[in-house]
Amino acid sequence: MPNNLYDHIDYVLINEEQLQKRIQEIADDITAKHADHENILLICVLKGAIIFLADLTRALKRPHELEFMAISSYEGKGTVPGAVRLVMDLKQDISNKHVIVVEDIVDSGNTIKYMRGLLEARMPASIEVCSLLTKPSRREVEVDIDYVGFEVPDEFVVGYGLDFDELYRNLSFIGVLKPEFIPSH
Ligand code: PRP
C-alpha cells in the first residue's frame with residue numbers, strides 16, 4: 001500500500017470549497033428553522049459523521065448541545081440483512097430536546113431507520129435527520145432526511161469522515177477510490 005492516501009483516489013467528487021459552502025447553507029437552514037428553540041441537541045452517529053459535525057456545529061448560529069451515539073451493523077452467517085444494533089448510547093434524557101441526528105451518509109437507510117425508531121420512543125420535542133451525503137440508488141428502506149448536503153452516485157466514496165477499512169477519514173474532500181483499492185474488484 002502506498003504511503004500517500006491521495007494516490008488511492010481516482011477523482012475528487014466534492015471538493016473542500018463545495019463542502020464548506022454547502023455546510024454553511026445547511027447550518028443557515030437549521031438556524032432559521034430552529035430560531036425559536038433553546039434546547040437543540042445535535043446527535044452525531046460515530047464515527048463517519050465527526051468531521052461533518054465539527055464543521056456544522058461551528059456554522060450553526062443557535063445555541064446547541066452535542067451528543068454521540070455508535071451503531072453497528074450485524075454481519076456474518078445467520079444475521080438478518082440490514083439489522084443494526086446500538087453500541088454506545090446517549091448520556092442524557094432527550095424528552096424536551098429538539099434533536100437533529102447528524103450523519104455522513106445515508107446508504108441503505110437501515111441506520112437512520114433504526115435511529116429514528118429508537119429516539120422517537122424517547123419522546124423528544126422534535127426529531128430531524130441531517131446527512132451530508134445520500135446515495136438513493138442503494139436504498140433498502142424508505143427514510144426521511146430533513147437536510148441533505150449532496151446526492152452521490154453509486155461509487156465507493158471516502159474522505160471527510162468516510163472510510164474504507166478505517167482509512168481516508170482525514171481527507172478534506174470527498175473522493176472516489178481507485179478500482180484497485182475497492183474490495184472484491
Ligand atoms: C456508515 C455511515 C452511516 C451508515 C450508513 O457507518 O456512517 O452511519 O454507514 O449506512 P446505511 O444507510 O446503509 O445504514 P459505518 O457502519 O460504515 O461506520 P462508521 O461511521 O464508523 O464508518
Side-chain angles (χ1 to χ4, degrees), residues 13-14 18-74 82-154 157 159-163 169 174:
L13 188 64
I14 309 166
Q18 291 168 311
L19 285 168
Q20 295 306 326
K21 182 171 177 283
R22 186 72 191 112
I23 290 164
Q24 187 59 62
E25 288 169 0
I26 293 171
D28 291 345
D29 284 352
I30 295 173
T31 300
K33 202 161 171 193
H34 290 275
D36 300 329
H37 297 154
E38 297 302 328
N39 44 358
I40 301 165
L41 175 67
L42 302 192
I43 300 180
C44 173
V45 185
L46 294 171
K47 306 175 199 167
I50 55 165
I51 311 286
F52 177 39
L53 177 84
D55 282 336
L56 186 67
T57 184
R58 288 177 291 178
L60 263 181
K61 295 189 183 71
R62 295 289 303 150
H64 60 277
E65 294 177 48
L66 305 179
E67 275 282 357
F68 298 86
M69 285 179 94
I71 310 286
S72 183
S73 49
Y74 286 106
V84 296
R85 70 194 163 98
L86 183 62
V87 174
M88 190 186 92
D89 205 348
L90 300 172
K91 293 202 176 110
Q92 63 167 284
D93 176 21
I94 60 166
S95 56
N96 59 343
K97 306 277 179 176
H98 290 281
V99 167
I100 303 172
V101 178
V102 179
E103 263 289 20
D104 53 337
I105 189 165
V106 178
D107 201 324
S108 69
N110 289 312
T111 303
I112 278 302
K113 187 181 174 204
Y114 175 81
M115 285 285 290
R116 260 198 195 272
L118 189 77
L119 297 173
E120 267 166 13
R122 298 178 186 184
M123 310 292 279
S126 67
I127 179 163
E128 294 180 308
V129 172
C130 174
S131 184
L132 180 66
L133 307 179
T134 179
K135 204 187 262 185
S137 55
R138 297 257 305 171
R139 209 71 96 235
E140 292 171 11
V141 290
E142 211 175 298
V143 286
D144 289 330
I145 314 174
D146 302 275
Y147 311 93
V148 182
F150 300 89
E151 187 173 314
V152 294
D154 192 11
V157 287
Y160 199 77
L162 290 101
D163 75 310
R169 294 192 198 273
I174 304 283

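All of these numbers come straight from a predicted model, not from anything done at the bench.
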For His64, give me all partners under side-chain hydrogen bond (donor to acceptor under 3.5 Å, both in side chains), at least two apart in sequence or on another chain. Thr57
So do the side chains of His34 and Glu128 get within less than 4.5 Å of each other, counting heavy atoms only? yes
Where do Leu41 and Gln92 land on the side-chain contact (heavy atoms from CB on, under 4.5 Å) test, with the steps shown first? CA-CA 10 Å; Leu41 175 67; Gln92 63 167 284; 3.8 Å; yes
Distance check, rounded to the nearest 0.5 Å: Ile100 atom CD1 versus Leu60 atom CG? 6.5 Å
Hey, does Leu119 have a side-chain heavy atom less than 4.5 Å from the side chain of Leu90? yes
Would you check if the side chain of Asp55 reaches a backbone N or O of Ile23 as a donor-acceptor pair within less than 3.5 Å? no
Indicate the atoms forming the closest heavy-atom contact of Ile174 with Gly159, along with that distance. CD1-O, 3.5 Å
Before accepting this row, confirm whether a basic side-chain N of the pair Glu38/Arg62 lies closer than 4.0 Å to the acidic partner's carboxylate O. yes
State which residues pass side-chain hydrogen bond (donor to acceptor under 3.5 Å, both in side chains) with Lys21; sequence neighbours excluded, sorted by chain then number. Glu25
Residues, nucleotides or ligands: over 12 heavy atoms within 6.0 Å of Met123 CE: no
Within the structure provided, determine whether Glu103 and Ile145 are in side-chain contact (heavy-atom separation under 4.5 Å). no
Expected output: side-chain Arg116 to main-chain Asp144 donor-acceptor under 3.5 Å: yes
Check the angle between the aromatic planes of His98 and His37 and answer parallel, tilted or perpendicular using the 30° and 60° thresholds. parallel
Which atom names give the shortest non-hydrogen contact between Phe150 and Gln18, and what distance separates them? CZ-O, 3.5 Å
With a 4.5 Å heavy-atom cut-off, do Ile127 and Ile94 have their side chains touching? no
Do you know which two heavy atoms are closest between Arg22 and Gly149, and how far apart they sit? NE-O, 3.0 Å
Is any side-chain heavy atom of Val99 less than 4.5 Å from a side-chain heavy atom of Arg122? no
Does the side chain of Tyr114 come within less than 4.5 Å of Leu86's, by heavy atoms? yes
Return the CG to CZ distance between Leu42 and Phe68, rounded to the nearest 0.5 Å. 9.5 Å
CD1-CG distance between Ile112 and Asp107, expressed to the nearest 0.5 angstrom: 12.0 Å
Measuring from atom CG of Asp89 to atom CD of Glu67, what distance do you get when rounded to the nearest 0.5 angstrom? 9.0 Å
N-O pairing of Arg169 and Asp104 below 4.0 Å: no
Would you sort out whether Lys135 and Val152 count as a side-chain contact (heavy atoms from CB on, under 4.5 Å), showing the intermediate values? CA-CA 5 Å; Lys135 204 187 262 185; Val152 294; 4.0 Å; yes
How close do Cys44 and Leu53 get, counting heavy atoms only, and between which atoms? CB-CD2, 3.8 Å
Side chains of Leu56 and Cys130, heavy atoms from C-beta outward: is any pair under 4.5 Å? yes
Do Asn110 and Val141 pass the side-chain contact (heavy atoms from CB on, under 4.5 Å) test, and can you show the C-alpha distance, the side-chain angles, and the key distance before you say yes or no? CA-CA 7 Å; Asn110 289 312; Val141 290; 3.8 Å; yes
Just how far is it from atom CG of Asp29 to atom CG of Asp146, taken to the nearest 0.5 Å? 11.0 Å
Between Ile71 and Val87, which heavy-atom pair has the shortest distance, and what is it? C-CG2, 4.2 Å
I'd like to check the salt bridge (charged side-chain N to carboxylate O under 4.0 Å, His left out) partners of Arg139; sequence neighbours left out, ordered by chain and number. none
Heavy-atom closest contact (Val157 atom, Leu162 atom, distance): O-CB, 4.0 Å
I want to check something: taking the side chain as every heavy atom from C-beta on, are Arg138 and Ser108 in contact at a cut-off of under 4.5 Å? no
